[in-house]
Protein chains: 2
Amino acid sequence: MTSLNAGRGAEGNSDWGKTLEPSPPPVQGNPGLPCPPDFAGRPRAKAALAEEKQSYETLFSFIRARGYTQHFQPDSTILLHEEPANVVYLIETGTVRSCTIDSFGHRQIFAFPRKGELVGISDTDRWHFTAEAVDHVVVKSLPRTVLEQELAVNTALRQESRAYIRALLAQREKQLLMLSHSKGPQRLLDFLVTFAASRPSTGYIALPMSRRDIADHIGLSTESVSRAFSHLKRTGRIDLKTPEKFKII
Amino acid sequence: MTSLNAGRGAEGNSDWGKTLEPSPPPVQGNPGLPCPPDFAGRPRAKAALAEEKQSYETLFSFIRARGYTQHFQPDSTILLHEEPANVVYLIETGTVRSCTIDSFGHRQIFAFPRKGELVGISDTDRWHFTAEAVDHVVVKSLPRTVLEQELAVNTALRQESRAYIRALLAQREKQLLMLSHSKGPQRLLDFLVTFAASRPSTGYIALPMSRRDIADHIGLSTESVSRAFSHLKRTGRIDLKTPEKFKII
DNA sequence: CGTCCTCTTGAGGGCCATCAACGACTGTGG
DNA sequence: CCACAGTCGTTGATGGCCCTCAAGAGGACG
């Protein structure tokens, strides 16, 4: 929570960080240059200046076309930590919670994936987390072997799969930042805004998960979550029609 | 920080979660089965029961062989958020800090990669974070185009690259768990243990980074980090010879 | 209508951020 | 050589946030 005004000044790169040793093979036929042109600040061909919105349509279409529809009852387990990661899910309906539980029984919910999001794309051997249905969940599930076979030959699919996992990583890092630097009500508001953004809906938005789920997501106790809701309501930042229906203001 | 004793009982999967709709193409010539055998709990061939330690030797060797040696001065910038991700680094010497800074100037350090770790493997277009040298850092840097060309044709490399990013994701999730559920001294101890584990050294271990860096990593103020050090020392969990040299007990 | 669960609100206390001061060290310039 | 400023690490005092314990309201369900 330090503000980095002074700091150790990450400036003064002067002539450090330059290539000092051209290394044996000059890579790609750039005879005179110790360092190929890609080292310079040139953006890659496909990257427009305007932030290019990543699409996962190839990946999603593939799973939708080849996957099997499965249903999960509220609070049932979709995939369990340590078990073989034999499948990938694409959510069609409902909300999932992805979490881990430590040896003391403390639970951390990393995400609440919903319609149009993948669950299980990040593992190939065994699950490193657990996923449970929050409400009634419908998914398309695809055997991992099928996905892997296609990944081996389909470049576009590979790019999208990588991009998806990268996005997960960036998401987690954003959460780390939030957890260490913002206070309860702000964390709740951020969560609600993010959640609302995943719904195209206007008007009141329904929260499928319990206060405890929210608490274990944003790192508070259920009581503090409740107080944070009351605080946001009192200060006019949200409208809370019922405990489950809210609107951002 | 709830303990999940009662909870909504993630049991009772009974006959939910079964495939309800065989979906058009039965995939791989399993005529009668609506669901190929990989759906069952069979581990994949390569996965031994004993936790298989992932090796990144193909990836590392490739970078070592084709990369360029670069040096970075303490506190110089290795890669900057938003700039083109044209390169991948393998650290040979020194310690790096990978971080992001939010709009209020709050900094979150995600990791302190060191010898034998990669920096920048997670992005392909632009950096989603910043990396700075903590002390004098020597790296092998490889143009991304070279890596991508090889990834396109080298399956082993692809697997290792994916595994590396997966490991980063799991690491971040572990950090999230730690940040929300453990207190200052415990967080510091976890960090020190992790840091010590990355050194094969016996005896006292030197900390290259400042208290502020540690603070921004484990989500405390510098003063609290200092108090946590004192606390661990007082309760006999660490031996602190100088502010930079410690030993786990 | 009682039981159970969730959500909410209050009271008390602990952890930690903040402000402040101090010693140790370093590099600078007189 | 020494005064001086600047940085870093440490410790103390104070206050705020939030966890814990506790109690109560409201709804779901048998």
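Chain naming here is simple, since letters A, B, ... match the order of the sequence lines and numbering starts at 1 in each.
Across the protein-nucleic acid pair, Leu220(B) atom CG and dC18(D) atom P stand 15 Å apart, rounded to whole Å. Residue Leu179(A) contributes atom CG, which lies 15 Å from atom C1' of dC17(D) at whole-angstrom precision. If you take NE2 of His231(A) and P of dC18(D), they are 10 Å apart, rounded to a whole angstrom. For Leu240(B) and dA24(C), the CG to P distance is 17 Å, given to the nearest whole Å. One can place CD of Glu244(B) at 13 Å from C1' of dT26(C), the figure rounded to the nearest angstrom. Summarising the geometry, the separation between NZ on Lys183(A) and P on dG16(D) is reported as 12 Å, rounded to the nearest angstrom. When rounded to the nearest whole Å, the span between CG of Leu188(B) and P of dC15(C) equals 16 Å. Atoms CG (Leu232(B)) and P (dT11(D)) sit 12 Å apart, rounded to a whole Å.
One finds no side-chain N or O of Thr222(A) lying less than 4.0 angstrom from the OP1 or OP2 phosphate oxygen of dC7(C). Listed pair Ser224(B) / dC15(C) fails the phosphate criterion, with no side-chain N or O lying under 4.0 Å from OP1 or OP2. For the OP1/OP2 pair of dT10(D) and a distance below 4.0 Å, the side-chain nitrogens and oxygens of Arg211(B) include at least one atom meeting the criterion.
When distances are taken from the side chain of Pro185(B) to each of dC7(C), dT10(D), dC16(C), the shortest belongs to dC16(C). Residue Pro243(A) places its side chain closer to dT8(C) than to any other of dT9(C), dT8(C), dC19(D). For Ser226(A), counting side-chain heavy atoms from C-beta on, the closest listed nucleotide (dC15(C), dT9(C), dT11(D)) is dT9(C).
For Arg227(A) against dG10(C), a side-chain N or O and a base N or O form a donor-acceptor pair under 3.5 Å. Residue side chain Glu223(B) reaches the base of dC19(C) through a donor-acceptor N/O pair under 3.5 Å, judged by distance alone. Looking at Arg234(A), its side chain has no donor and acceptor atom pair within 3.5 Å of the base of dT9(C).
Of the candidates Asp213(A), Asp135(A), Asp216(A), Arg97(A) forms a salt bridge (Lys or Arg N to Asp or Glu O under 4.0 Å) with just one, namely Asp213(A). With Tyr89(A) as the fixed residue, the side chain to side chain contact (heavy atoms under 4.5 Å, CB included) test singles out one of Ile78(A), Val96(A), Ile121(A), Leu118(A): Ile78(A).
Gln108(A) and His181(B) make their closest contact through OE1-NE2, 4.0 Å (heavy atoms, listed as atom of the first residue, atom of the second, distance).
In the model, Lys140(A) has a side-chain atom that pairs as donor or acceptor with a side-chain atom of Thr69(A) under 3.5 Å.
Salt-bridge formation is detected for the pair Arg172(A)/Glu173(B): a Lys NZ or Arg NE/NH1/NH2 atom is positioned less than 4.0 Å from an Asp or Glu carboxylate oxygen.
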